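On a predicted model such as this, the values are computed, not experimentally measured, just so you know.
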Protein chains: 2
Amino acid sequence: MDPHDLHIPRETVSLRQQVTDRLREAILYGGFEPGEKLIERELCDRLGISRTLLREALQHLQAEGLIVTVPHKGPSVARITEEEAREIYQVRGALEALAAEGFARHAPDAQVRRLRLHLNYLHTPDAAANILAAKNGFYDILLEGCGNRVVGKILTQLNNRITLLRRYSLSHPGRLPETLRELAEVVSAIEARDPEAAGRLCALHVARAAEVVAKGFAAATQPHT
Amino acid sequence: MDPHDLHIPRETVSLRQQVTDRLREAILYGGFEPGEKLIERELCDRLGISRTLLREALQHLQAEGLIVTVPHKGPSVARITEEEAREIYQVRGALEALAAEGFARHAPDAQVRRLRLHLNYLHTPDAAANILAAKNGFYDILLEGCGNRVVGKILTQLNNRITLLRRYSLSHPGRLPETLRELAEVVSAIEARDPEAAGRLCALHVARAAEVVAKGFAAATQPHT
DNA sequence: TCTCACATTTTGTCTGACAATCTGTCAATC
DNA sequence: GATTGACAGATTGTCAGACAAAATGTGAGA
């Protein structure tokens with residue numbers, strides 16, 4: 001981009017960094033259950049690293065809210081309570097609105113087009129096969145173009161925590177069409193360069209998603225009604 | 001409260017936790033400069049702990065954004081760029097609005113009164129002596145009563161990062177009266193149980209504070225204009 | 001003054017250790 | 001048979017020391 005930027009990206013990714021990323025990935029998509037106990041020695045063996053390093057990585061993930069540690073009982077995958085989920089969705093609503101607003105205001109036209117393209121892609125059966133990753137792709141574009149990396153980072157972390165609830169939220173797969181319709185409205189507002197509308201629609205979208213999750217919780221707690 | 005809740009609060013605070021807190025405190029209020037290099041062995045000696053433990057604490061603080069680590073150069077106190085500060089204030093605006101809104105909606109009357117009392121306290125010379133701590137007290141009440149602990153945690157972290165800029169923002173000490181006026185308006189809206197107004201006023205307050213910091217930045221970069 | 005080789009410092013990671021605590025088991029008791 | 005208690009094993013919390021790799025500082029030589 002900037003011809004003056006001769007910065008060479010330092011490709012040295014410390015082992016610790018890799019461990020942290022791997023572990024995060026494993027917790028989010030690798031079949032660990034919320035509440036599951038993480039036994040250090042076992043993880044060390046599976047990752048092929050020392051306990052020192054593992055514990056550093058665990059500290060990082062703890063700060064991200066993905067694991068919790070009880071003294072002398074050790075780390076376990078975080079449990080998201082219903083209330084906490086509601087709170088997270090509330091924050092997410094406010095911040096995604098901010099992101100959409102920023103995107104409508106600052107993103108270059110090319111990026112707006114990319115967003116539209118990705119939305120189209122979301123309609124394909126290809127995307128439906130791995131809808132989680134596909135939706136994340138959409139958000140990645142949104143966060144990248146909103147001109148506020150801080151909001152991006154926070155939303156990513158919140159999103160990770162919500163991913164722990166996959167169990168509940170994916171129990172309503174029928175919502176996809178609505179989701180796409182809502183996102184389409186957001187994209188339209190962005191194309192119209194109407195930040196206020198984009199923000200409002202985005203917040204609305206999140207609020208709807210929150211409702212679905214709340215229902216998922218209710219269904220999980222009282223399964224036979 | 002609940003007579004069935006016989007839970008005994010586990011007072012065991014792990015040494016690591018204490019180290020993390022101490023270190024955070026030291027970075028925020030203990031005279032470390034943004035960008036200052038943190039030498040592990042030295043900190044170990046000063047804290048009287050092993051390197052193992054120190055590095056775990058550092059990982060935690062790194063995840064909180066208070067320190068950054070360059071491979072093979074080690075940790076240093078994070079530097080907040082002007083752009084990042086702007087971004088943080090933007091997020092803070094959105095989230096504090098959310099908090100004020102929630103407070104106006106959910107906080108019991110007693111807590112609203114506590115907020116008003118603390119606002120009055122902020123006018124005393126006693127509070128002015130340590131205005132940073134006094135203002136934090138105000139926010140603590142706000143965050144406690146807003147009914148959303150997630151927002152509280154995020155705002156605390158953002159606030160910590162902003163504290164690293166103390167240098168710039170405190171260069172405008174004359175703003176205190178305005179600050180108090182703005183906060184008074186927020187409290188009034190809360191007392192009137194008008195969430196929408198409380199949120200809007202709170203966001204406005206943050207936006208004003210952001211301007212001041214931006215000016216502080218400008219003054220620091222071009223000192224002689 | 002600049003440059004380059006070298007010594008020193010600091011980081012990244014590993015290993016092994018040990019006390020404190022938790023957990024599971026199994027016998028003794030009611 | 002259910003409960004209790006004691007004990008052994010597993011796991012965590014923390015330390016000390018080690019060593020290679022990289023960064024930094026230093027002094028000799030151009």
Contacts of B:Asp21 that satisfy salt bridge (Lys or Arg N to Asp or Glu O under 4.0 Å) - sequence neighbours left out: B:Arg24
Residues in salt bridge (Lys or Arg N to Asp or Glu O under 4.0 Å) with A:Glu33, at least two apart? A:Arg167
Run the ring pair (Phe, Tyr, Trp, His ring centres under 6.0 Å) test against A:Tyr29 and tell me which residues pass, sequence neighbours left out. none
From D:dT11, C:dT21, D:dT14, nucleotide with atom closest to A:His72 side chain: C:dT21
Heavy atoms, side chains only, cut-off 4.5 Å: are B:Val213 and B:Ile162 in contact? no
If you look only at distance, which donor and acceptor atoms sit under 3.5 Å apart when one is on a side chain in residues 71-84 of chain A and the other is two or more places apart or in another chain?
unit_1  : atom_1 : unit_2   : atom_2 : d
A:Thr81 : OG1    : A:Glu84  : N      : 3.0
A:Glu83 : OE2    : B:Arg149 : NH2    : 3.2
A:Glu84 : OE2    : A:Arg161 : NH1    : 2.9

Donor-acceptor pair present, A:Arg51 side chain and D:dT14 base, under 3.5 Å: yes
Identify whether any heavy atom of B:Thr52 sits under 4.0 Å from a base atom; if not, whether one sits that close to sugar-phosphate; answer base, sugar-phosphate or nothing. base
Side chains of A:Arg55 and B:Arg16: closer than 4.5 Å at any heavy-atom pair? yes
With respect to the side chain of A:Ser50, which nucleotide from D:dG13, C:dT11, C:dC14 is positioned closest? C:dC14
Whichever of B:Arg55 and A:Arg41 has its nearest DNA chain C nucleotide further upstream toward 5': B:Arg55
Distances under 3.5 Å only, N/O to N/O: pair up the protein atoms with those of nucleotides 23-25 of chain C.
none

One character per nucleotide, please: for nucleotides 5-10 of chain D, 5' to 3', B when the base has a protein heavy atom closer than 4.0 Å, S when only the sugar-phosphate does, - otherwise. ------
From D:dT12, C:dT13, C:dT10, nucleotide with atom closest to B:Ile39 side chain: C:dT10
Roughly, in whole Å, what's the span from CG in A:Leu54 to P in C:dT13? 13 Å
